[in-house]
Amino acid sequence: MSGPIIRVEGLRKSFGEREVLRGIDLEVAKGEVVVVIGPSGCGKSTLLRCLNYLEEPTQGRIWLRGELLGRQDRDGRLVPRPEAEVDRQRTHIGMVFQRFNLFPHMTALGNVIEAPLRVKRIPRDKAEALGLRLLERVGLLDRKDEYPARLSGGQQQRVAIARALAMEPEVMLFDEATSALDPELADEVLQVMQGLAREGMTMLVVTHEMGFAREVAHRVVVLDAGTVLEQGPPSVIFSQPSQPRTREFLHKVLHLRPE
C-alpha cells in the first residue's frame, strides 16, 4: 500500500453545540507509533472513536488503507455507510479502551476467540489455536481458563489487547489503556504495548504515560482545545516544544508524574 495507512483531513466533531474536534489533519504511516497527548477534555478520545467510527464525524474525511470511511453523495457530502460495511472496515482496526469490557461469563480464552468465531466465522479449533498464541504473546497462557473476576486489572487489560489482536488488525488504537491501573499493573500493559511497537504494529496511542511516549513513539502529537497544537519526534516535543501551551502542559504533567 502506498501512502499513509490513516489519513485525517479537516475532522470536526460536535456534541450538540459543543465542538470537541475543530479541524484535525493527521497522517499515520504503516508501522508508525504515534502518541497523542494533551490536557483532559481536549478531544483525544473522541479522535480515536471517530477513527473507529464509534462516533460519526460532523465534518471532514478519514481514510483507512486508502479507503474513505463513509460515502460521498452526488454533492460530495459524506453520508454513513451501511452497518455491514462499517463492520468490515472496523476489522482492520483494533481498539483497547480504558475499561477492559471483557465478557464476565467467558474465560480469558473465550473472550479472545469470540470475535474470530462470530465475525470471521473461523473454525473453533483454529480460533482456539490463535487465542492460545495471543495469550502467550501477552504473557497469560497460564490464565487461559480464568474468568475476568479472577484476574487483576493489568491481566484483564492484557486479555483485552489479545482480544483486539485476534481480529488481526493493521492498526491498533489505545485509549488511555493504563489510566485505570496502579503503576505496577500499568507497567505490565506498557511492556506488551512496547512489544507490539517493536514488532512493527501501527499504533495510535492516547496516554498520559510520558515515559512510554519518550521511549516508544516515533512521533508525538499534542492536542489542545480540539486542534493539533504541534507535533514532532519525542526528543523535540519534550525538550524543545515550540508552543507555550505545550510547555505549560508538560510542566504540569511531568511535575505531577515525575519520571
Side-chain angles (χ1 to χ4, degrees), residues 1-11 21 23-38 42-54 57 60-69 89-98 134 137-138 160-162 164-178 189-224 226-243 246 249-250:
M1 183 194 70
S2 61
I5 194 168
I6 293 175
R7 180 157 66 97
V8 179
E9 186 178 283
L11 179 62
L21 299 179
I24 300 290
D25 295 320
L26 181 67
E27 292 188 353
V28 180
K30 186 174 177 62
E32 189 177 20
V33 178
V34 176
V35 172
V36 182
I37 65 174
C42 70
K44 303 185 299 293
S45 295
T46 301
L47 171 61
L48 292 196
R49 292 178 66 84
C50 286
L51 294 179
N52 205 19
Y53 227 73
L54 296 173
R61 302 287 188 271
I62 301 170
W63 287 265
L64 173 64
R65 303 164 67 249
E67 182 180 9
L68 181 67
L69 293 182
Q89 291 181 317
R90 281 198 188 116
T91 62
H92 300 292
I93 302 178
M95 188 160 181
V96 179
F97 301 87
Q98 177 179 345
L134 290 172
R137 188 176 181 182
V138 300
I161 293 174
L165 292 172
M167 292 299 288
E168 300 180 314
E170 296 185 50
V171 178
M172 286 286 287
L173 309 178
F174 292 87
D175 186 11
E176 297 284 11
T178 61
V189 176
L190 290 171
Q191 287 181 28
V192 171
M193 294 169 65
Q194 289 170 340
L196 292 175
R198 286 193 298 269
E199 294 167 12
M201 174 63 74
T202 307
M203 297 166 60
L204 195 59
V205 183
V206 167
T207 186
H208 283 95
E209 298 286 350
M210 297 300 136
F212 176 87
R214 280 175 163 166
E215 295 173 18
V216 180
H218 296 109
R219 181 159 44 105
V220 175
V221 175
V222 184
L223 255 60
D224 185 53
T227 63
V228 175
L229 192 61
E230 62 179 303
Q231 58 182 304
S235 58
V236 174
I237 295 298
F238 287 104
S239 300
Q240 297 176 316
S242 63
Q243 299 296 319
T246 303
F249 167 73
L250 289 174

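On a predicted model such as this, the values are computed, not experimentally measured, just so you know.
- Proximity of Met172 to Leu165: side-chain heavy atoms (C-beta onward) are separated by under 4.5 Å at one or more points.
- Once rounded to the nearest 0.5 Å, the distance linking CG of Asp175 with CE of Met95 reads 5.0 Å.
- With hydrogens and angles disregarded, a donor-acceptor distance shorter than 3.5 Å links the side chain of Arg90 to the backbone of Tyr53.
- Scanning all heavy atoms of the two residues, the minimum distance from Gly94 to Ala164 falls at CA-CB, 4.2 Å.
- In this structure Glu9 satisfies the salt bridge (charged side-chain N to carboxylate O under 4.0 Å, His left out) test together with Arg7, sequence neighbours excluded.
- For the pair Met193 and Val96, the minimum side-chain heavy-atom distance is 4.5 Å or more.
- Here the closest heavy-atom approach between residue Thr207 and residue Glu209 is recorded as OG1-N, 2.9 Å.
- Between Gly226 and Ile24 the shortest heavy-atom distance is O-CD1, 3.3 Å.
- Between the CD atom of Gln194 and the CD atom of Glu215 there is a distance of 6.0 Å, given to the nearest 0.5 Å.
- Atom NE2 of His208 is separated from atom CE of Met210 by 6.0 Å, given to the nearest 0.5 angstrom.
- At least one side-chain heavy atom of Val171 sits under 4.5 Å from a side-chain heavy atom of Ile5.
- Note that the CG atom of Asn52 and the CG atom of Leu47 stand 11.5 Å from one another [nearest 0.5 Å].
- At least one side-chain heavy atom of Ile6 sits under 4.5 Å from a side-chain heavy atom of Leu64.
- Within the 4.5 Å cutoff, no side-chain heavy atoms of Asp25 are placed close to those of Val228.
- Judged by distance alone, with hydrogens and angles left aside, the side-chain atoms of Glu230 form a donor-acceptor pair with the main-chain N or O of Gln243 at under 3.5 Å.
- Of the inter-residue distances, the one linking Glu168 atom CD with His92 atom NE2 reads 11.5 Å to the nearest 0.5 angstrom.
- Inter-residue side-chain proximity for Ile37 and Leu250 is flagged as met; some heavy-atom pair is nearer than 4.5 Å.
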Given the rule in the side-chain contact (heavy atoms from CB on, under 4.5 Å) test, do Ile161 and Leu196 qualify, once you have shown the distances and angles that lead to the verdict? CA-CA 10 Å; Ile161 293 174; Leu196 292 175; 4.1 Å; yes
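- For the pair Val28/Thr202, a side-chain contact is recorded, criterion being any heavy-atom separation below 4.5 Å from C-beta on.
- Using a 4.5 Å heavy-atom cutoff, the side chains of Val35 and Phe212 are in contact.
- Rounded to the nearest 0.5 Å, atoms CZ (Phe249) and CG (Asp224) are 9.0 Å apart.
- Phe97 and Arg49 get closest at one heavy-atom pair: CE2-NH1, 4.0 Å.
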Would Met203 and Val216 count as a side-chain contact (heavy atoms from CB on, under 4.5 Å) if you check the C-alpha gap in whole Å, the side-chain angles of each, and the deciding distance to 0.1 Å? CA-CA 10 Å; Met203 297 166 60; Val216 180; 5.7 Å; no
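- With hydrogens and angles disregarded, no donor-acceptor distance shorter than 3.5 Å links the side chain of Lys44 to the backbone of Val36.
- Closest of all the heavy-atom pairs between Ala217 and Pro234 is O-CG, 3.3 Å.
- Counted within 6.0 Å of CD on Glu199, heavy atoms from surrounding residues, nucleotides or ligands total more than 12; the atom is thus considered enclosed.
- Contact record, Leu21 with Cys50: CD1-SG, 4.3 Å, taken as the closest heavy-atom pair.
- Scanning for salt bridge (charged side-chain N to carboxylate O under 4.0 Å, His left out) contacts around Glu176 gives an empty result, with sequence neighbours left out.
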